[in-house]
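Worksheet: the structure to be examined is printed underneath.
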Number of protein chains: 2
Amino acid sequence: MADIKPIGKALFLREEELRRGIELMFFAYRDFTGEADSILAEQNMGRAHHRAIYFIGRNPGITVSELLAILKITKQSLSRVLSALVETEYVVQKTGPDDRRQRLLYLTDRGIALESRLTEVQARRFAKAYRDAGMNAVEGFQRVLEGLLDPETQRQVSALGHARKARQNG
Amino acid sequence: MADIKPIGKALFLREEELRRGIELMFFAYRDFTGEADSILAEQNMGRAHHRAIYFIGRNPGITVSELLAILKITKQSLSRVLSALVETEYVVQKTGPDDRRQRLLYLTDRGIALESRLTEVQARRFAKAYRDAGMNAVEGFQRVLEGLLDPETQRQVSALGHARKARQNG
DNA sequence: GATTATTGGTCAACATGGCTGACATAAAAC
DNA sequence: GTTTTATGTCAGCCATGTTGACCAATAATC
């Protein structure tokens, strides 16, 4: 910031470019979530249910506290959503074998089906965007998004990736 | 979709990559909005106020219906936010000179100050992400985000850009 | 000039999904 | 045996989205 000389046009272009990023982020996120929201509304669910379903599907057997760490919401908020998902049989809870206080979370078949449906519409959108932009652009896209993350989130995200790789290989 | 043969690993990698996009989008948007949310909370405002302030600042003299078209929320929702912003003197409304039904929206000095502060924290985050990723990545980032937009939004976004360019030149 | 359409607002009611605070229980850890 | 941890639950609050009904001022049209 301090090292860029505000020589008229140069600074202007920079701010324009940054604002373009801010705006695209808003519009893209809204449209990106819109389709899934519609499907969820049919089942009387919202985005919060989606997030729980998504990350449980992605990390079968995840504990409540691990899920809380990913979502960064209060346990009361999560509990409300989780209770509903168990009630409607999208999710089951199993007592942890090592630590019996834990509730390990799994999707039911019903849950898996919904997760697939939701992920598919979002993946389709991404597939289209990736195809249009080209694989070169995709790498840039991911790099910028990673750069937008809080350092803590950045660590989490890469940790999640590693955990999954380990699960595949082990 | 149909033209890609699911030869084991290839399909797996593709789905992994798409899921990575989905997840990064969630985390990045959350962290991206987090800082501004904190500032807004100090002033007893929320994200909805921010969006109104942002787009009014970006398009001084915008009408209510134009703003509605950008935000895609109901006029009742916007009206609530707008009333609060006028009440707290972040925004002023002027009767349209051509069509007297219109209320043209402008930021007050107070509003401009808040907008700057909010945009600055977000711009700073983007500046860091852009710097880390490199200017090549930035172009890819923008291209992918554009590809994620609904076609209608895509038209809107480019129309907004054009309108601003015209305002500068004319 | 009368009718219709547009712009904007208002009131009421409701849902979702965040939040805080207080409290409870089971089990693990020390 | 005490303390800490993992989880859940109840109650209430707030922000922000939604519908639906209705109204006023003004512009546009027949």
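Numbered from 1 within each chain, the chains take letters A, B, ... in sequence-line order. Only this structure's heavy atoms are used, side chains among them; waters, hydrogens and symmetry mates stay out.
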Single hit among T63(A), V64(A), V92(A) for side chain to side chain contact (heavy atoms under 4.5 Å, CB included) with L104(A) |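 With L104(A) as partner, T63(A), V64(A), V92(A) yield a single side chain to side chain contact (heavy atoms under 4.5 Å, CB included), made by T63(A).
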Figure out the [atom1]/[atom2] separation between [X] and [N], and round it to whole Å.
X	N	atom1	atom2	value
Q43(A)	dA15(C)	CD	C1'	17 Å
R103(B)	dT7(C)	CZ	C1'	8 Å
D99(A)	dT7(D)	CG	C1'	10 Å
L85(B)	dA15(D)	CG	P	13 Å
N44(B)	dA15(D)	CG	P	7 Å
L40(A)	dA15(C)	CG	P	18 Å
L67(A)	dG8(D)	CG	P	10 Å
L82(A)	dC10(D)	CG	C1'	17 Å

Take atom CD of E89(A) as the centre, draw a 6.0 Å sphere, and report whether it contains more than 12 heavy atoms from other residues, nucleotides or ligands.
->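 Count not over threshold, so no.
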Which letters describe nucleotides 16-25 of chain D, given B = protein heavy atom under 4.0 Å from base, S = only from sugar-phosphate, - = neither?
-> BBBBBB---B
Please say which of E115(B), Q122(B), R117(B) ends up in a side-chain hydrogen bond (donor to acceptor under 3.5 Å, both in side chains) with T119(B).
-> E115(B)
Ignoring hydrogens and angles, tell me if any N or O in the side chain of T108(A) forms a donor-acceptor pair with the backbone of Y90(A) under 3.5 Å.
->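 Between the backbone of Y90(A) and the side chain of T108(A) there is a qualifying donor-acceptor contact (under 3.5 Å).
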Between the main-chain N or O of G134(A) and the side-chain N or O of R143(B), is there a donor-acceptor pair closer than 3.5 Å?
->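 Judged by distance alone, no pair lies under 3.5 Å.
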Among Y29(A), F32(A), F26(A), F27(A), find the residue that satisfies the ring-ring contact (aromatic ring centres under 6.0 Å, His included) test when tested with Y29(B).
->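 Result: among Y29(A), F32(A), F26(A), F27(A), Y29(A) is the only option passing the ring-ring contact (aromatic ring centres under 6.0 Å, His included) with Y29(B).
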Salt bridge check: are R125(B) and D150(A) linked by an N-O gap of less than 4.0 Å?
-> yes
Pick base, sugar-phosphate or nothing for E66(A), based on heavy-atom distances below 4.0 Å to the nucleic acid.
->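 Nothing, no nucleic acid heavy atom in range.
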Assign D37(A) to base, sugar-phosphate, or nothing according to its heavy-atom contacts below 4.0 angstrom with the strands shown.
-> nothing
Do any side-chain nitrogens or oxygens of S79(A) fall under 4.0 Å of OP1 or OP2 in dT9(D)?
-> yes
Answer yes or no: does a side-chain N or O of S83(A) lie under 4.0 Å from OP1 or OP2 of dG8(D)?
-> no
